[in-house]
Amino acid sequence: MTPDAVLFFAAGLGTRMGQLTADRPKSLITVAGRPLIDHAIGLADAAGIGRQVVNVHYKAAMIRGHLDGRDVAFSDEAEALLETGGGLRKALPLLGPGPVFTMNTDAVWQGENPFRTLDADWDSVRMDALLLMADPANAVGHSGRGDFLLGADGRLTRGQGLIYCGIQIIDPVGLATIPAAAFSLNVLWDQMIARGRLYGIRLRGRWCDVGQPESIALAEAMLKGAP
């Protein structure tokens, strides 16, 4: 079944952005004239994703105000940050049953719509999650050595190979087995790897990780088509 719900992660403190997040959440930092969260939601809108949820914590009122009037629900983490795994689990009543998309809001994209790329390859019979992966050459502003190795059958294992682009389709049923309140989705991914049910697909385009101030100029150049 095609997922029709997405959780946008927008609760983080954005400390790597320095003074840029002193007066606003990272998701409201502007790139090419648009707040980062608008870039993310615009892609979901273009792909026809009907149910959209944003998790909030730091300067939550600003995000709520910015999205006022839009058909978006909010998962409030005012009491404590829950990280990606705990945040997804808390948002499940708003997202509805079954597999969902999750997307980080600190990035911009060029090329094929990432929601459509994932949707076209999703197979709930074989997969518990499908992650969108970038070759290092197509990952702008990212200095890491890679997150996963992609097998010939599409399965992912840990290793310094491809870079996770911050968007996936995931079946959240396994979250119920994790006792911690706040935890990373890496915990669930490792369980999926052990069962041979974590899959990946390559990005068809380019992706810029807007995680630090100098990445803004890189993202804007990428959107203009600069090599």
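Model, not experiment: these values are computed from the prediction.
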- Item | Criterion salt bridge (Lys or Arg N to Asp or Glu O under 4.0 Å) on Asp153 and Arg126, from CA distance to verdict | CA-CA 11 Å; Asp153 60 357; Arg126 293 183 296 126; over 6 Å; no

For the [atom1] atom of [X] and the [atom2] atom of [Y], what is their distance to the nearest 0.5 Å?
X	Y	atom1	atom2	answer
Glu77	His57	CD	NE2	8.0 Å
Leu132	Glu112	CG	CD	9.0 Å
Met17	Ile29	CE	CD1	3.5 Å
Thr105	Leu7	OG1	CG	10.0 Å

Using modelled atom types and a 3.5 Å cut-off, is there a donor and acceptor pairing between side-chain atoms of [X] and backbone atoms of [Y]?
X	Y	answer
Thr84	Leu185	yes
Glu220	Ala32	yes
Arg202	Leu162	no
Arg197	Met127	yes
Arg64	Phe74	no
Asp171	Asp128	no
Arg155	Gly196	yes

- Note on the structure: Which of Leu203, Leu118, Leu130 passes side-chain contact (heavy atoms from CB on, under 4.5 Å) with Ile167? It is Leu118

Closest contact, heavy atoms only, [X] versus [Y]:
X	Y	value
Val210	Lys26	O-CD, 4.2 Å
Ile63	Leu28	N-CD1, 4.2 Å
Val31	Leu223	CG1-CD1, 4.3 Å
Val108	Ala219	CG2-CB, 3.5 Å

- Item | Parallel, tilted or perpendicular, as decided by the 30° and 60° cut-offs, for the rings of Trp207 and His142 | tilted

- With distance as the sole criterion, is a donor-acceptor pair present between the side chains of Gln212 and Arg16 under 3.5 Å? no

- Query: Regarding Thr102 and Gln168, is there a side-chain donor-to-acceptor distance under 3.5 Å anywhere?
  - Reply: yes

- Message: Could you go through Leu82 and Asn55, starting from their C-alpha distance and side-chain angles, then the distance that decides it, and tell me whether this counts as side chain to side chain contact (heavy atoms under 4.5 Å, CB included)?
- Response: CA-CA 10 Å; Leu82 299 175; Asn55 76 341; over 6 Å; no

Side-chain donor-acceptor pairs under 3.5 Å in residues 90-99, sequence neighbours left out?
residue: Lys90; atom: NZ; partner: Asp76; partner atom: O; Å: 2.6

